[in-house]
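This report refers to the structure that appears directly beneath it.
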Amino acid sequence: MTSVPMVGKGSPSDPFGQFRAECESLLRGAYSNLQKSDKKRFPELDLASSLEDPPNQEFGHLASSLSFELSRVQKTKPMTIAKEIVHELGKARVHHLVESVQAAEPGYVNFKAKIETLTQLTLDAILHEGSSYGLLKTGQPQRVIVEHTSAKNSIFGDTLARILGGRGHAVKTHFYIDDTGRQVAQMAYGYKLLGEPTPEGKPDEFFGKIYSITSTLVELDENKKRLVLLRKTNASDIDIVAMTKELDEWVGVAAELQSKYPAEFEVLTERMSKDPDPQGSINELIRKYEKAEPVTRSLIRRVSQMVLAGFEETLRRAHIHFDQWDWESDMLWTGRVSELLDRLKETGLAHSKGGAWVLDAGKAVDDNALREKLGLSKSFEVTSLTLTRSDGTTLYPTRDIAYSLYKFEKADRVINVIGVEQSLAQLQVRVAMWILGYRKQAMNFLHFPIGLLTLEGQRMSARRGRYVTFDQLLDEALLRARQEVDKRSSELPEEVKYRVAESLSISAIRYAMLSVEAVKSTNFTWDRALNFEANSAPFINYAYTRGLGILKKLGSHERPSYFNKLIEPAEQNLILALARFPETFARSAEELDPTLLCLYANDLAQRFHEFYEKSDISHLKDEELKRQRASLVEATGIVLKCVTELLGMKLAERM
RNA sequence: GGGCCGGUAGUCGAGCCAGGACCAAGACGGCGGCCUGCGGAGCCGCAAAUCGUGGGUUCGAAUCCCACCCGGCCCGCCA
């Protein structure tokens, strides 16, 4: 029996990583010996990165491709070099986790792991460390702020925060409340016209409705006025036709809204008609709010609070949590924005254009050689950024710069989980920070872009009242999950069925989004997003449920000290997957890549199902083997739970 | 017009940054097997891919470079 090193408490162990480290060190030793004999033939090489995963197990568990690099220098066949390296490796004495080393065509050096030792190491680690297994801590913990908002962005943002937290960073998630923009002002305006009623139903939906109607009516009004003006000024027919066409579109939108929400539509139309200039009234609200005029301040804050309560309820359903809610208005009221503006003017890179201030971001980039520093291509076009309106009020990007600086007061690193369409704006924020002297901050500012998500071709949020809400998605998922549960597990009590369906539906949605690279735009159809056959969330959960089923059937069992009987291929494949969790986790954290964990979770579940089919447990006569297999089941459950928690999925115990 | 991002089987998608055993993972759909022993939301097998197109670099390209095509997005005193 191989001796097993003690597992340190509080420092998660990394079985496969140990194997890798041993391969690396053996390779290094052998290589430096070869270097001594002939320096020219064996130049300095990055040995660690030459180790890769072989395509299948016949080739061992890690392989080095360094012979290929060397063959370039030596003008020798890779296979010849590989044999030479293997020969040299053969001289090494200490082989803890390495079973064998072989040269293989066309020139790989293949390392095979000592499975018995790896098994022991892995199961000991998991069973001792429990839920902290695999969560390898970073050597450089940072204070990280992850900003994100809703739906797909939030699912990624929340997951990144979980992963970075597991990695040992001090992570805070922030929700940026955009309360000084036009949208909230329009809501508040419409709400006031309605007489400020108590919202019926979910407040964010209620205000969404008001916003759609109000903004449409304002748009209609503005377009009509513009058309009248065009006719008066003898504008070209082309302009008039274009204007008329746009007006027609808004008439269509209005008609849709009228049929959807007849009561509110009627009241708002009637009352707005008494306002000679609705747009002006809304602008007035924005101005007053920026100045924190008490009545407006109270109105807009009240409206925002109600909407946020609705958001929070929805997000909570999807297991999304926020540590802090930041008001954009606070950036104005505390003087941060005006101070920022003054400092930007002092840089000499901002100029006044008809009363509005404009930042020449392109010049800023060129003057400071920022292309290279910020990783932009030579051709990347960085356009100017308008900082203020001519009436002096600020624009969203300006406030966002101030907000970014605010976040950096509390964090070393800021990750903004925001749509790809904001790439330019996010870059301009970085440029602004740089020219103000916040260079380190500009470097540690990361835009994590999210590709557009549409459902059946509709956006998750949009003007014109044509959109699918996150709630609708969650509701539909719950409904479908409930049907599946009814179909497959009709014997469960009602309450359990509900809880199971709830967990499965959220997990399915999160998994469906997280398993596709974040920047990719996706059009989900209901069937695709919520197909519980295709979706891996139930597949993963089922592995967990099956495991629990076995353990429950066995009752309490003594944990074995050794795991020398787990020698079936399906068992070893499962163990190898478990051994690789720490590396996979660390990589997903370093690369900010949740998709990696999705693939891992699916792979682990797959290997468990395979093991389940092939290895009996409860009917075994061999008590020792039974205990060892039960421990493997237990260990798999621990890792499945850990990885799914990182993804924000919730595993149902029965399903 | 300029720019950014994406383009991998019928469909969805991993691999691309760090080029090597890629005759390309996985899934849905299709076809065919497996329930008198732990829950079949499972297991096993088969068919299906000009890796957008054309050049280049390299011993070697899905991966790097160039050009082009297609799709999405951005270039606002909107957010």
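Chain identifiers are assigned alphabetically (A, B, ...) following the order of the sequence lines, protein sequences preceding nucleic acid strands; residue numbering begins at 1 within each chain. Just so you know, these numbers come straight off a predicted model, no measurement behind them.
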(request) Report yes or no: is the ring centroid of F539(A) under 5.5 Å from the six-membered base ring centroid of A41(B), with the two planes under 30 degrees? (result)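 One would not call F539(A) stacked on the A41(B) base.
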Using the [atom1] atom on both, measure [N] against [M] and round to a whole Å.
N      : M      : atom1 : answer
C34(B) : G15(B) : C1'   : 32 Å
C73(B) : C17(B) : P     : 28 Å
C43(B) : A27(B) : P     : 8 Å
G37(B) : A24(B) : C1'   : 40 Å
G42(B) : C4(B)  : C1'   : 44 Å
C5(B)  : A18(B) : P     : 15 Å
G30(B) : G72(B) : P     : 30 Å

Does [X] make a side-chain N or O approach to OP1 or OP2 of [N] shorter than 4.0 Å?
X       : N      : answer
R546(A) : G39(B) : no
R459(A) : C73(B) : yes
R389(A) : C78(B) : yes
K520(A) : A14(B) : yes
T383(A) : C74(B) : no
Y612(A) : G40(B) : yes
T386(A) : C77(B) : yes
S536(A) : A41(B) : no
Q606(A) : A25(B) : no

Using a cut-off of 4.0 Å on non-hydrogen atoms, how would the nucleic acid contact of [X] be classed: base, sugar-phosphate, or nothing?
X       : result
K353(A) : base
L452(A) : nothing
V420(A) : nothing

(message) Of the options C38(B), U11(B), G40(B), whose atoms approach the side-chain atoms of I550(A) most closely?
(response)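 So the side chain of I550(A) is nearest to C38(B).
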(request) Choose from G39(B), A14(B), A21(B) the nucleotide whose nearest atom is closest to any side-chain atom of Y542(A). (result)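 Out of G39(B), A14(B), A21(B), the nucleotide with an atom closest to Y542(A)'s side chain is G39(B).
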(message) Using a distance-only criterion (donor-acceptor N/O pair, under 3.5 Å, no hydrogens), is the base of A41(B) paired with the side chain of N531(A)?
(response)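 Not at all, since no donor on one side and acceptor on the other fall under 3.5 Å apart.
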(request) Confirm from the modelled atom types if S71(A) and C59(B) form a donor-acceptor pair under 3.5 Å, side chain to base only. (result)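 Counting by modelled atom types and ignoring angles, no donor-acceptor contact under 3.5 Å is found here.
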(message) I need the single residue from F175(A), Y176(A), F311(A) that forms a ring-ring contact (aromatic ring centres under 6.0 Å, His included) with W325(A). Which is it?
(response)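 It is F175(A), the one option of F175(A), Y176(A), F311(A) that forms the ring-ring contact (aromatic ring centres under 6.0 Å, His included) with W325(A).
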(request) Nearest whole angstrom, please: distance from the C1' of C77(B) to the CZ of R399(A). (result)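 Between C1' of C77(B) and CZ of R399(A): 12 Å.
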